[in-house]
Amino acid sequence: TAYGNAGLACRGLGRFLDAVHYHRSYLEMVQKPLDKAWMEHEIALDYLALKELSNALQYAVQELLTSNGIRLQYTKSADRQKLANFDKNQARCFSLLQYILVQQGRYREALVVADMGRARAIADIIDQKDGRHTDSPQLFLPSGSLNASQILKVLEGVENIVETLQTTLVFYSVIDPPLPERESTVWLYTWVVNPSPMEIHFNQQALLPADQTGFDLLLGRETQYFSELMGKGGKESRDILLKSAEDSQNSDARSPEHSVVEQVNQKLAHFHDILISPIERFLTAQTSRIIFIPHRFLLTVPYPALCSTKGYVVERFTTSIAMSIYLLQLSITKLMRSETKEDRVLAVGNPLMPRPDFPQLKGASEEARTVSQAFPPEKTTTLREAQATKETVCKYLLSCQIAHFATHATHQDTLGHSSVR
């Protein structure tokens with residue numbers, strides 16, 4: 001590792017050509033795939049510091065090919081290991097590839113790479129458990145360049161999605177600085193894909209440090225307040241919210257409820273300014289449906305509730321959330337396949353909670369009942385309150401095509417990526 005450490009030291013001193021020399025010398029000696037991927041990553045950073053983007057891209061691609069070989073060693077029974085390996089060894093590579101491609105102005109290719117890196121391990125597991133063995137698109141050539149024909153094929157698949165669903169995709173990617181000693185900016189990349197005909201727009205903006213930790217409405221006291229409020233049941237909670245709205249017209253009679261609602265609305269407006277306002281110019285008069293594809297801490301954002309002077313997002317658009325374009329494509333394929341079958345529906349409302357501090361959601365129980373009434377009774381299973389145990393719900397999930405949950409959600413960040421369960 002002496003050559004590797006010497007290369008790092010040289011790069012830190014600004015001696016980038018020396019850094020390339022030492023790292024390439026070490027690369028010629030390594031035998032373990034993990035060490036090989038590490039050196040390829042470092043050489044890519046060396047060339048990035050030299051502003052030699054073509055060479056940086058070549059080594060970043062080589063790193064991805066090496067890391068992908070490591071990932072393919074895992075078997076079907078090693079789901080957790082596969083996901084952990086991806087998080088550890090491949091996430092940084094996909095981030096670096098996006099950064100380099102954006103620097104080159106190749107925004108479409110950057111979108112394809114970003115989606116390939118998003119939930120890829122999960123998609124592979126779904127493919128395997130669904131009985132398919134779909135090969136991943138060969139986006140990268142052994143020479144270290146992008147496969148133009150495969151990029152085009154993936155983009156045709158994206159076009160098929162937006163045209164089939166007649167929806168706009170809003171794809172976010174959070175990019176850490178690849179050379180933090182030279183640049184500390186965390187970037188937010190946003191792609192907007194419109195249908196009829198398909199158009200892909202790109203926007204990038206810097207995220208302030210406060211914005212990188214301020215997207216979590218799920219942990220604050222506002223959530224506790226709203227959970228308690230919703231636990232009171234439909235009419236009572238509506239009455240309290242109406243009172244808080246009336247208080248807003250009278251500054252001398254502001255209730256505690258209004259104070260909390262006001263703070264939440266300020267946060268939602270701030271999130272709108274960061275995530276929606278910069279891409280408003282890409283949304284056309286025909287935009288009525290949006291599928292958001294968030295990344296990292298953006299997964300905790302309540303997109304339908306974001307608000308501006310134009311109103312709430314949910315008032316302007318029909319919104320959905322997806323983990324990746326590829327997973328969305330899998331879902332569409334499964335849905336089309338199931339059209340020949342009888343769709344079974346599971347509606348779960350106000351299920352038993354694993355923790356006593358979660359209040360009962362009376363309105364959620366009614367929601368599940370209302371949803372079940374929209375489908376034929378013989379095709380619907382409704383589980384509410386004491387009926388909705390974990391064991392019972394999991395049992396019926398195995399045989400349903402549509403599942404609706406009206407319940408609490410909690411935030412977890414066990415792997416460094418925010419998620420909701």
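A distance-only check finds a donor-acceptor pair linking the side chain of Thr167 to the backbone of Arg289 [under 3.5 Å]. The backbone N or O of Leu275 lies less than 3.5 Å from a partner atom in the side chain of Tyr172, making a donor-acceptor pair. A donor-acceptor pair is defined here as one N or O able to donate and one able to accept, closer than 3.5 Å; such a pair exists between the side chain of Gln205 and the backbone of Ile274. Side-chain atoms of Ser308 come within 3.5 Å of backbone atoms of Lys310 as a donor-acceptor pair (strictly under, hydrogens ignored). Here the side chain of Asp35 pairs no donor or acceptor atom with the backbone of Val30 at under 3.5 angstrom. Put simply, the side chain of Asn194 never gets that close to the backbone of Glu199: no donor and acceptor are under 3.5 Å apart. One N or O on the side chain of Ser372 and one on the backbone of Arg369 form a donor-acceptor pair closer than 3.5 Å. Remark: the backbone N or O of Pro195 is not paired with any side-chain donor or acceptor of Glu163 at under 3.5 angstrom. With hydrogens and angles disregarded, a donor-acceptor distance shorter than 3.5 Å links the side chain of Thr370 to the backbone of Glu366. Within the 3.5 Å criterion, the main-chain N or O of Arg11 finds no donor-acceptor partner in the side chain of Asp46.
Using a 4.0 Å cut-off between charged nitrogen and carboxylate oxygen, Lys395 and Glu391 do not count as a salt-bridge pair.
Residues Phe292 and Thr319 are in side-chain contact: their nearest non-hydrogen atoms beyond the backbone lie under 4.5 Å apart. In this structure the side chain of Ile279 never reaches within 4.5 angstrom of the side chain of His201, judged on heavy atoms. The side-chain heavy atoms of Pro177 and Val186, taken from C-beta on, include a pair separated by under 4.5 Å. Residues Leu398 and Cys394 fail the side-chain proximity criterion, which asks for heavy atoms closer than 4.5 Å. Side chains of Ile161 and Ile291 form no contact here, defined as non-hydrogen atoms less than 4.5 Å apart. Counting heavy atoms from C-beta outward, Gln286 and Gln166 have side chains that stay 4.5 Å or more apart.
Aromatic ring orientation, Trp191 versus Phe171: perpendicular (interplanar angle above 60°, classes split at 30° and 60°).
Looking at Gln98 and Ser173, their side chains do bring a donor and an acceptor atom within 3.5 Å of each other.
Here the shortest heavy-atom pairing between Cys93 and Glu63 reads SG-OE1, 3.3 Å. Heavy atoms only, all atoms of each residue included: Phe140 and Met116 are closest at CE1-SD, 3.7 Å.
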- request: Decide side chain to side chain contact (heavy atoms under 4.5 Å, CB included) for Leu8 and Glu42; before the verdict, give the C-alpha distance in whole Å, the side-chain angles of both, and the deciding distance to 0.1 Å.
  value: CA-CA 8 Å; Leu8 292 175; Glu42 295 303 331; 3.3 Å; yes

- prompt: Between Thr392 and Gln387, does a side-chain hydrogen bond (donor to acceptor under 3.5 Å, both in side chains) hold up when you go through it step by step?
  reply: CA-CA 8 Å; Thr392 305; Gln387 298 175 318; over 6 Å; no

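Of the inter-residue distances, the one linking Met323 atom CE with Leu330 atom CG reads 13.5 Å to the nearest 0.5 angstrom.
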